[in-house]
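As the structure lists them, so they are numbered: ligands from 1, and atoms in each ligand from 1. In what follows, every heavy atom counts, from backbone to side chain, and hydrogens, waters and symmetry copies are set aside.
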Amino acid sequence: MRIVILTGAGISAESGLGTFRDKDGLWTQYDLNEVATPEGFAKNPQLVTDFYNARRANCASAQPNAAHAALARLEAALPGQVTLVTQNVDDLHQRAGSRNVIQMHGALMSALCAGCGHRWPAPPVMALTDRCPACGQPRTRPDVVWFGEIPYHMDAIAEAVETCTHFTAIGTSGQVYPAAGLAAEARRNGAHCTELNLEPSEISRVFQTRRYGPASQVVPDWVA
Ligand code: BV8
């Protein structure tokens, strides 16, 4: 058995981290073009740095919930058979004990040098004057994938999706590509696809099995 799990912001909602497109989501409070695009960062780097500093602080004070813990148990019970692909930039999967985690949209807890590409653990509060430990340039940016940028680890993700027997999406609205296209790809490759979400997503029709409710309830039930 080879299981690919794709998670989105909904799995961290009950840990107190906001989602993006729910009624009080992040994209109702911020214009994504201003805070989640390279153009936005170029136009107002301080606004973007402040946006990610605030989310990093929220993440540091949040705790993994029962859904994160259940996925860590699943991975431990099926060594080498579970690949966890997350769209989330929080570190709650890792803090819950998941080991094989692919963060396709990057990580809040990582800093990136826009000059030389070096990555290092982000300070709690990133500043535009922070210098890269490798090249010394003051070109620090959040190590996240903005709209228009290519997601990380796409080759590894494609290989996992091509060979998996089961694909389960958890807590994602299925609106952001290429992540939202992975379920249909897995289905085409013969995988059994399951959606675990609060409500039907944009891509619900792709899934053979669908369970709706809060992740902290439906995910442990699914893992059991
Ligand atoms: C790409 C940054 C090319 C990090 C994010 C024009 C120009 C360029 C590209 C495009 C373009 N037009 C369209 C595109 C493609 C674009 C895209 O998809 N746009 C959408 C809006 C149409 N994609 C890109 O730009 C991507 N790059 O295409 O490059 C390429 C690609 C491949 C190969 C070669 C070239 C880059 C996309 C990444 C953008 N970065 N974030 C950050 O700040 O976090 S996206 C952002 O949305 C987050 O990463 C988030 O993870 C992601 C998806 O959102 P969800 O996780 O699904 O969250 P959402 O709020 O939407 O839904 C939450 C769900 O949870 C809901 O269904 C809700 O019901 C449920 N829920 C709520 N509570 C609970 C719950 N479920 C269970 N329990 C609960 N308690």
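- With ligand atoms numbered from 1 in the order given, ligand 1 contributes 56 (O) to contacts under 4.0 Å with heavy atoms of Gly8.
- By heavy-atom distance, the residue among Val176, Ile150, Thr86 lying nearest atom 33 (C) of ligand 1 is Ile150.
- Under the 3.5 Å distance criterion, the side-chain polar atoms of Ser110 are left unmatched by any main-chain donor or acceptor of Ala107.
- Atoms of ligand 1 lying under 4.0 Å from any heavy atom of Glu199, numbered from 1 in the order shown and given with element: 69 (O).
- Stacking of Arg55 on the aromatic ring of Phe20 is not recorded, the 6.0 Å distance cut-off and the 45° axial limit not both being met.
- With Ser204, Pro200, Gly174, Ala215 as candidates, the residue nearest to atom 78 (N) of ligand 1 on a non-hydrogen basis is Ala215.
- Close contacts of ligand 1 with Gly171, meaning ligand atoms under 4.0 Å from a residue heavy atom, involve 63 (C), 64 (C), 65 (O), 76 (N).
- Within ligand 1, counting atoms from 1 as listed, the ones closer than 4.0 Å to a heavy atom of Trp146 are 36 (C), 39 (C).
- Taking all heavy atoms of Asn197, Ile203, Leu32 into account, the minimum distance to atom 70 (C) of ligand 1 is reached by Asn197.
- Looking at Ala9 against ligand 1, both its backbone and its side chain come within 4.0 Å, counting heavy atoms.
- Contact atoms of ligand 1 toward Glu149: 1 (C), 26 (C), 27 (N), 29 (O), 36 (C) (distance under 4.0 Å to a heavy atom of the residue).
- Less than 4.0 angstrom separates some heavy atom of Glu14 from each of these atoms of ligand 1: 78 (N), 79 (C), 80 (N).
- For the pair Phe147 and ligand 1, the shortest N or O to N or O distance does not fall below 3.5 Å.
- For the 3.5 Å distance criterion, the side chains of Asn65 and Ser216 fail to qualify, holding no donor opposite an acceptor.
- Distances from atom 25 (O) of ligand 1 to the heavy atoms of Gly213, Ala67, Gly148 put Gly148 nearest.
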Derivation of the side chain to side chain donor-acceptor pair (under 3.5 Å) call for His192 and Thr209: CA-CA 8 Å; His192 182 91; Thr209 303; 2.6 Å; yes

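- Ion pair Glu149/Arg141 flagged as a salt bridge, since at least one NZ, NE, NH1 or NH2 atom sits closer than 4.0 Å to an Asp/Glu carboxylate oxygen.
- Between Leu17 atom CG and Leu92 atom CG the span is 5.5 Å, to the nearest 0.5 Å.
- Checked by distance only, ligand 1 and Trp27 stay at 3.5 Å or farther apart across all their nitrogen or oxygen atoms.
- Every N/O-N/O distance between Pro151 and ligand 1 stays at or above 3.5 Å.
- Which of His105, Arg55, Glu195, Gln217 comes nearest to atom 44 (O) of ligand 1 through a heavy atom is settled by distance: it is Arg55.
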From CA spacing to verdict: side chain to side chain contact (heavy atoms under 4.5 Å, CB included), Phe167, Val85: CA-CA 10 Å; Phe167 181 98; Val85 179; over 6 Å; no

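- The residue from Thr28, Val145, Val144 that puts a heavy atom closest to atom 2 (C) of ligand 1 is Val145.
- Checked by atom type, the side-chain pair Ser12/His68 shows a donor-acceptor distance below 3.5 Å.
- When each atom of ligand 1 is checked for a heavy atom of Pro214 under 4.0 Å away, the hits are 78 (N).
- In terms of modelled atom types and a separation under 3.5 Å, the side chain of Asp31 and the main chain of Asn33 share a donor-acceptor contact.
- In this structure, Glu195 CD and Ser204 OG are separated by 3.5 Å, a value rounded to the nearest 0.5 Å.
- In the vicinity of Val89, heavy-atom distances shorter than 4.0 Å reach the ligand 1 atoms 4 (C), 44 (O).
- Of all the heavy atoms of Ser173, the ones lying under 4.0 Å from any atom of ligand 1 are found in both the backbone and the side chain.
- The aromatic rings of Trp146 and Tyr52 are tilted relative to each other, their planes meeting at an angle between 30° and 60°.
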